[in-house]
Amino acid sequence: MDKQKLKPISGFPEWLPEFRLIEQRWIDTIRQVFESYGYASIETRAVEPVDVLLKQGDTDKEIYAIGRLFEDRPDAKPEYALHYDMTVPLARFVAAHLNDLVFPVKRYQIQKAWRGERPQEGRFREFYQCDIDVIDRREIPLHFDAEMPAIMTEVLDRLQVGAVVTKVNNRKILEGFYRGLGIEQANEVIRIVDKLDKIGASGVARLLTDELAVPADRIAKILALAEIKGRDDSVIGRAKALGVSSPLLDQGLDELAFVLRELGTQVGRGYVADLSVARGLAYYTGTVYEAKFVDWPDYPTICGGGRYDNLVGSLINQRLPGIGISIGLTRIFAKLVKEGRLKPGRKAPTDVLVALVPGNDYATAKATARTLRERGIRTEQYHEERKLDQQLRYAAAKGIRYVWFPPATAGAPHEVKDLDSGKQGPADPRDWRPSL
RNA sequence: GCGGGAGUAGCUCAGGUGGUUAGAGCGCCAGAUUGUGGAUCUGGAUGUCGUGGGUUCGAGUCCCAUCUCUCGCCCCA
């Protein structure tokens, strides 16, 4: 046998039952929170036309094209590819169903996404993303800019993922500031400033010089802006004090001030305005978010999102603004598993194992199991007449708490053993309940 | 896609300068006076030493290629 085939494929995580159980609980919780705010679920197909996926970003090398759908035409270019996020499919979905959707569209999507990047810690090629977005035909009220991180924070709290800090910024501040400095390549500057965490101020300065030939005095201003962090209006004051101005900058600062005030009352903790946050994605145009583990600042972003003015414009002749946020479920989950912060769940959902007792017939065991199951108790049968030693060991290994012994002789009582306490006693399958 | 590191039993790894039937721990299986687990003890199975080629009387150990994993870059949840 080729053992290579048994090895994991890098970037495509798989969990044992005891962790998958927890992942499913997480998904349940996320759904509940999303729905508690009135967001509706959709699921979009795994595949999108390549040109739809590539419209918004130039990430052509990151998508997985589908071979099957174009292989019959030699030297044809791939037509379809797996989606690499949920935002672009959402835009396509909304554009395709304009007449059937009620605006503002508020939807969530918990699905896998695929990216062809090189795996690293926290970076996968197949992963769950939990997206929540609002799309409207008119301007979206700024209140949503605060609701997004509020929902996200509530989710992370309920999942007990540990301390997380959500950094908030506004792209209008960055673009307006750079424009005020007379810099036209705002997106390029943003891309480089986004690396501040990673390569430091000197690294950013070097790239701005080498790649974009930004003059030193402006680099100083850019870095000064990026260093501003805080949770109250002083952030706005410090930005203004840098002496740069443009209408866009002022608008961005006003928006950020509003969002900060709202967050103060809605969330109250775990967030900070950080004017260095940019988000790589080019389509963001206003508020942007980025959440990180407090304990592992070098671990990649675990949630991200923001406001975009026009995501469907390339698909239809309308401008539909939106705002959304994405929770990197796999990224968060994998880290907590790796760090041992997540205790594995049970290896089986079973509440009761009905043993096959020598001397007892299979039919009785089967009837007992059915009775328990009909009463909502998750029950499995041991289908092989092996030594009780084996059967008990099986239950213990799978984390099944109760082992049920049907009567060995007619008229004798049923017995159930609690493996946690080791105690065993008579019980009636018609009214026995597992204790919680 | 580019650069660095690694690849020996299911898992974690040991195997000075090439030399007879390749090891440990954990796990697994079976027992410990005839039907009750998690402890302990005893015994047992398991590897074409990632793959292909080369050097050599002889290679897990040297050389080349290749694949995979891993770290960094790009990019991002």
Side-chain angles (χ1 to χ4, degrees), chain A residues 1-13 16 30 56-63 83-87 109-132 152 156 164 191-192 194-195 198-199 203 207 211 278-284 288-293 298-306 324-335 353 355-360 382 385-406 408-409 415-424:
Chain A
M1 176 161 28
D2 187 352
K3 275 186 295 184
Q4 206 69 21
K5 288 180 181 161
L6 297 181
K7 294 203 162 163
I9 300 178
S10 179
F12 292 82
L16 289 167
I30 294 167
Q56 300 300 335
D58 46 351
T59 54
D60 50 338
K61 58 179 181 278
E62 290 191 354
I63 62 173
H83 60 233
Y84 60 84
D85 72 1
M86 249 102 267
T87 311
Q109 240 171 303
I110 300 173
Q111 278 180 248
K112 282 185 169 173
W114 295 268
R115 284 184 200 172
E117 12 183 24
R118 273 270 184 285
Q120 271 171 47
E121 192 191 9
R123 181 203 286 169
F124 300 91
R125 298 205 269 211
E126 177 181 61
F127 55 95
Y128 274 112
Q129 231 173 300
C130 310
D131 278 36
I132 186 163
M152 189 201 80
L156 297 180
V164 169
R191 208 194 75 239
I192 291 172
D194 204 31
K195 300 179 193 302
K198 215 174 218 176
I199 61 179
L207 286 181
E211 290 188 17
R279 304 267 71 218
L281 285 175
Y283 54 67
Y284 291 123
V288 287
Y289 319 100
E290 181 171 296
K292 302 238 259 194
F293 282 122
D298 292 335
Y299 195 70
T301 304
I302 55 176
C303 304
I325 206 160
S326 177
I327 299 175
L329 170 59
T330 302
R331 192 170 262 182
I332 297 169
F333 190 78
K335 183 60 173 172
L353 173 72
L356 190 54
V357 182
N360 180 275
Y382 204 90
E385 187 170 322
R386 297 182 76 192
K387 296 198 299 186
L388 288 181
D389 184 70
Q390 291 294 336
Q391 302 192 34
L392 282 159
R393 219 187 297 193
Y394 166 78
K398 273 219 175 151
I400 300 169
R401 182 169 169 187
Y402 297 99
V403 177
W404 195 282
F405 300 98
T409 57
E415 291 196 11
V416 65
K417 180 180 177 113
D418 178 347
L419 297 202
D420 282 2
S421 66
K423 285 181 184 158
Q424 184 172 334

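Letters go in sequence order (proteins before strands), and every chain restarts at 1.
For RNA chain B, the stems formed by at least three consecutive Watson-Crick or G-U pairs, with both atom-pair distances below 3.5 Å, span B:1-7 with B:67-73, B:10-13 with B:23-26, B:28-32 with B:40-44, B:50-54 with B:62-66.
Put simply, the side chain of A:Thr330 gets close to the backbone of A:Tyr128: a donor and an acceptor are under 3.5 Å apart. Without hydrogens or angle criteria, A:Arg386 side chain to A:Gln391 main chain gives no donor-acceptor distance under 3.5 Å. The main-chain N or O of A:Arg118 is found under 3.5 Å from a side-chain atom of A:Arg123 such that the two form a donor-acceptor pair.
For the P atom pair drawn from B:rG3 and B:rA45, the interatomic distance equals 47 Å after rounding to whole Å. On the P atoms, B:rC26 is 29 Å away from B:rG19, given to the nearest whole Å. With both ends at atom C1', the span from B:rA9 to B:rC29 equals 15 Å, rounded to whole Å. Remark: the separation of the C1' atoms in B:rG60 and B:rU51 is 14 Å, to the nearest Å. Distance check on atom P: B:rG10 versus B:rU48 gives 7 Å, rounded to whole Å. For the P atoms, the distance linking B:rA22 with B:rC28 amounts to 26 Å, nearest Å. Taking atom C1' in both B:rA14 and B:rG47, one finds a spacing of 15 Å when rounded to whole Å. The separation of B:rA24 from B:rG15, taken at their C1' atoms, amounts to 11 Å, rounded to a whole angstrom.
For B:rG72, the OP1/OP2 oxygens have a side-chain nitrogen or oxygen of A:Gln120 closer than 4.0 Å. Side-chain N/O atoms of A:Arg279 include one lying less than 4.0 angstrom from OP1 or OP2 on B:rA77. Between B:rA77 and A:Lys292, no contact under 4.0 Å exists linking OP1 or OP2 to a side-chain N or O. The side chain of A:Lys195 places an N or O atom within less than 4.0 Å of a non-bridging phosphate oxygen (OP1 or OP2) of B:rC75.
Here B:rC71 presents its P atom at 13 Å from CD of A:Glu117, a figure rounded to the nearest Å. Here the P atom of nucleotide B:rU70 and the CD1 atom of A:Ile9 are 11 Å apart, to the nearest Å. As rounded to whole Å, 15 Å separates atom P of B:rG37 from atom CG of A:Asp418. Residue A:Glu121 contributes atom CD, which lies 13 Å from atom P of B:rC73 at whole-angstrom precision. Note: CG (A:Asp194) to P (B:rC73) measures 13 Å, nearest angstrom. Spacing between atom NE2 of A:His83 and atom P of B:rA77 amounts to 14 Å, rounded to whole angstrom units. Per the geometry, CD1 belonging to A:Ile192 stands 9 Å off P belonging to B:rC75, to the nearest Å. The nearest whole Å value for the distance from the CD1 atom in A:Ile63 to the P atom in B:rC75 is 17 Å.
When the salt bridge (Lys or Arg N to Asp or Glu O under 4.0 Å) test is applied to A:Arg191, the partners found at least two apart in sequence or on another chain are A:Glu188, A:Glu211. For A:Asp420, the salt bridge (Lys or Arg N to Asp or Glu O under 4.0 Å) criterion is met by A:Arg401, not counting sequence neighbours. In terms of the salt bridge (Lys or Arg N to Asp or Glu O under 4.0 Å) criterion, residue partners of A:Glu126 (sequence neighbours excluded) are, by chain and number, A:Lys112. With sequence neighbours left out, A:Lys292 forms a salt bridge (Lys or Arg N to Asp or Glu O under 4.0 Å) with no residue at all.
Contact annotation for A:Leu329: no contact, since no heavy-atom pair falls under 4.0 Å across all strands. In this structure, A:Phe124 reaches the bases: a heavy-atom distance under 4.0 Å links it to at least one base atom across the strands shown. When heavy atoms are screened at a 4.0 angstrom cut-off, A:Gly305 is found touching no nucleic acid atom at all. Residue contacts shown for A:Ile302 are limited to sugar-phosphate atoms, with no base heavy atom under 4.0 Å away.
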Mind running side-chain contact (heavy atoms from CB on, under 4.5 Å) on A:His83 and A:Trp114 for me, showing each step along the way?
-> CA-CA 6 Å; A:His83 60 233; A:Trp114 295 268; 3.7 Å; yes
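Between A:Gly122 and A:Pro300, the shortest heavy-atom contact is O-CG, 4.1 Å.
In this structure, the aromatic ring of A:Phe127 is positioned over the six-membered ring of the base of B:rA77, centres within 5.5 Å and planes within 30°.
The A:Arg118 side chain lies nearest to B:rC73 when the options are B:rU70, B:rA77, B:rC73.
Side chains of A:Ile199 and A:Leu207 form a contact here, defined as non-hydrogen atoms less than 4.5 Å apart. Using a 4.5 Å cut-off on side-chain heavy atoms (C-beta onward), A:Phe127 and A:Arg331 make no contact.
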Nucleotide by nucleotide, nucleotides 30-36 of chain B touches protein heavy atoms under 4.0 Å in the pattern (B base, S sugar-phosphate only, - none) SS---SB
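Counting atom types as modelled, A:Arg123 pairs a side-chain N or O with a base atom of B:rC75 as donor and acceptor under 3.5 Å.
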